Amino acid sequence: MRGIGPRAFLQVGEKFGIWKKQDVIKPFVRSCFTQRDGSNSNNSTVLEQSRVKFDILLDRSTIYHLDGFSGKSPTPVSIKGLLEQAYQPTQQDSFKYIIKELPVRLANMIMELQMMPRALSSQPQFQEVLFQYIQSFKDLLVFSNAPFNSDTNERLVSCLKEIRMRHIDTVPTMAAAIQGMMAEDLEGKMAQQNIQYCLDRLYTNRISIHLLISMYRAVFSSHKKGVSSNNLMLGTIDPDCDIISVAWEAYEDAAYMCDREFQEHPELEIEGRDILNKEVAVDEIKMSYMPNHLHHIFFETFKNAMRATVENSRKKNLDKMPPVKCLVTKSEGDISIRVSDQGGGISREMVDDVFLYHFTSAEAVAKDNDVLLPGSGGLESQAHPMHGLGYGLPLSRVYARYFQGDLNLISMHGLGSDVYIYLKALSDDAKECLPKYSIQTANMLHSNKKNRVSDWTL
């Protein structure tokens with residue numbers, strides 16, 4: 001069995017030998033099941049008492065649909081697939097895909113969220129995120145069997161706009177929930193690796209939903225205005241996204257924050273090389289990609305490099321601040337990017353920690369200034385301090401991995417750091433990597449095992 005739906009929960013209880021069907025009075029209320037752990041004489045809790053009492057929060061019809069949709073795996077789509085949908089003469093195929101796929105992604109995450117340990121699920125901010133997902137799922141059920149026509153499409157676009165705004169603060173709201181859990185003296189706090197596991201999956205799910213919504217709304221606008229879809233892809237997927245141009249824009253935004261913080265910033269040197277063209281230097285390297293995703297990755301990477309460079313230069317009383325260097329290369333299958341700084345680097349023991357949520361090598365300022373609270377704006381908001389939030393690199397890695405890329409950091413302690421960003425050069429290879437709910441997911445959320453389980457679409 002792949003997923004645990006409200007009714008399929010009965011099968012889980014039988015699987016673990018906790019009860020028989022006749023022992024369960026309310027099949028739609030998740031009760032409690034435990035899994036024996038041979039290393040411990042006590043039962044280790046896999047699922048404690050219900051965080052979501054479905055018969056109270058949802059009507060029976062919604063429960064039935066939640067059970068059905070959560071039992072399906074999300075269907076990942078490539079950048080090429082998204083562009084092909086956008087270029088269709090009508091939105092009929094995209095309409096069918098959206099009304100079937102979005103409920104699946106929402107239902108998978110709803111089931112995952114209500115499996116969280118009580119220490120986290122008791123936080124008001126967490127409950128807010130969960131209820132938002134449930135409301136969005138219910139809103140989309142209206143369109144499950146709706147025919148495609150102009151009126152229905154208008155209503156769907158309006159619904160998608162509301163869903164997009166409803167989840168705009170998911171990252172800061174969940175961050176506040178994690179902070180609340182760690183600040184309180186609660187039994188059963190989540191280990192850092194489980195927090196990482198939970199947030200990586202939640203934010204990947206959020207990115208995927210927002211991308212599908214943004215694409216659909218952009219194509220709807222283009223059809224309504226009678227213009228080519230190409231003209232409206234910027235902000236979602238740009239078929240000719242120039243990586244070097246996006247890097248310069250992100251650098252300028254990061255430089256503004258650096259000037260505000262330190263009254264100076266290091267210069268940037270960018271070099272582009274096309275390996276397919278005799279490795280000659282180029283001014284443009286283009287690919288089909290999301291400029292906003294790429295901007296976020298560059299912005300956070302440059303921001304960290306600038307802060308380290310300024311602080312290290314002042315510490316060593318250098319007459320001239322060394323520049324930040326960016327090398328962008330294009331090969332047959334990959335776009336590889338290296339951002340190098342001479343900011344002193346970090347110790348080998350801390351390299352893995354830089355990708356942990358809430359970890360920062362700078363002075364933590366998020367809690368004092370409430371900058372991670374809902375309504376404070378995105379992580380690139382100019383209202384935020386330049387450093388100390390602990391979400392920059394972890395989220396950047398999530399963005400990179402979303403379409404089969406990656407982001408790694410190598411440091412030479414005392415000298416500087418190199419951040420390597422990898423992206424798929426071919427839009428057909430750049431396919432979504434999505435979380436899918438399963439029994440293994442519940443086990444991972446409550447265990448201390450570090451092994452990766454097959455609960456992603458790829």
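For reference, positions follow the sequence shown, starting with 1. These numbers come from the heavy atoms of this one structure, side chains and all, not from hydrogens, waters or symmetry mates. All figures in this text were calculated on a predicted structure; none of them were measured in a lab.
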Without hydrogens or angle criteria, can the side chains of [X] and [Y] be said to hold a donor-acceptor pair below 3.5 Å?
{"X": "Thr152", "Y": "Asn149", "answer": "yes"}
{"X": "Ser136", "Y": "His167", "answer": "yes"}
{"X": "Asp139", "Y": "Gln135", "answer": "yes"}
{"X": "Asp93", "Y": "Gln85", "answer": "no"}

Taking only distance into account, with no hydrogens and no angle test, what donor-acceptor pairs under 3.5 Å do side-chain atoms of residues 241-248 form with protein atoms, sequence neighbours excluded?
from	atom 1	to	atom 2	distance (Å)
Asp242	OD1	Ile244	N	3.3
Asp242	OD1	Ile285	N	3.3

Practice task
Give a yes or no on whether the backbone of Leu212 and the side-chain of Arg217 come within a donor-acceptor separation of less than 3.5 Å.
Solution key: no
Problem - side chain to side chain contact (heavy atoms under 4.5 Å, CB included) assessment of Asn205 paired with Arg201 - result: CA-CA 6 Å; Asn205 178 275; Arg201 295 169 68 82; over 6 Å; no
Exercise for the section: Applying ring pair (Phe, Tyr, Trp, His ring centres under 6.0 Å) between Tyr203 and each of Tyr399, Tyr357, Tyr402, report the one that passes. Expected result: Tyr357
Problem - Worked verdict on Glu432 versus Arg105 for salt bridge (charged side-chain N to carboxylate O under 4.0 Å, His left out) - result: CA-CA 12 Å; Glu432 292 178 298; Arg105 299 189 184 192; 2.8 Å; yes
Exercise for the section: Could you tell me whether Arg401 and Asp406 have a side-chain N and a carboxylate O separated by less than 4.0 Å? Expected result: yes
Please report the closest heavy-atom contact between [X] and [Y], naming both atoms and the distance.
{"X": "Leu202", "Y": "Met174", "result": "CD2-CG, 3.6 Å"}
{"X": "Leu141", "Y": "Thr62", "result": "CD1-CG2, 4.0 Å"}
{"X": "Leu83", "Y": "Ser288", "result": "CD1-OG, 3.9 Å"}
{"X": "Tyr422", "Y": "Ser336", "result": "CD2-OG, 3.7 Å"}

Practice task
Take the angle between the ring planes of His293 and Tyr289 and call it parallel below 30°, perpendicular above 60°, tilted in between.
Solution key: perpendicular
Practice task
Could you check Glu249 against Phe298 for side chain to side chain contact (heavy atoms under 4.5 Å, CB included), going step by step and ending with a plain yes or no?
Solution key: CA-CA 9 Å; Glu249 291 175 4; Phe298 273 127; over 6 Å; no
Handout entry: CD1 on Ile213 to OH on Tyr216, rounded to 0.5 Å
Key = 12.0 Å
Problem - Leu294 CG to Ser396 OG distance, which is reported to the nearest 0.5 Å - result: 10.5 Å
Exercise for the section: Kindly indicate whether the side chain of Asn153, heavy atoms from C-beta on, has any atom under 4.5 Å from the side chain of Gln91. Expected result: yes
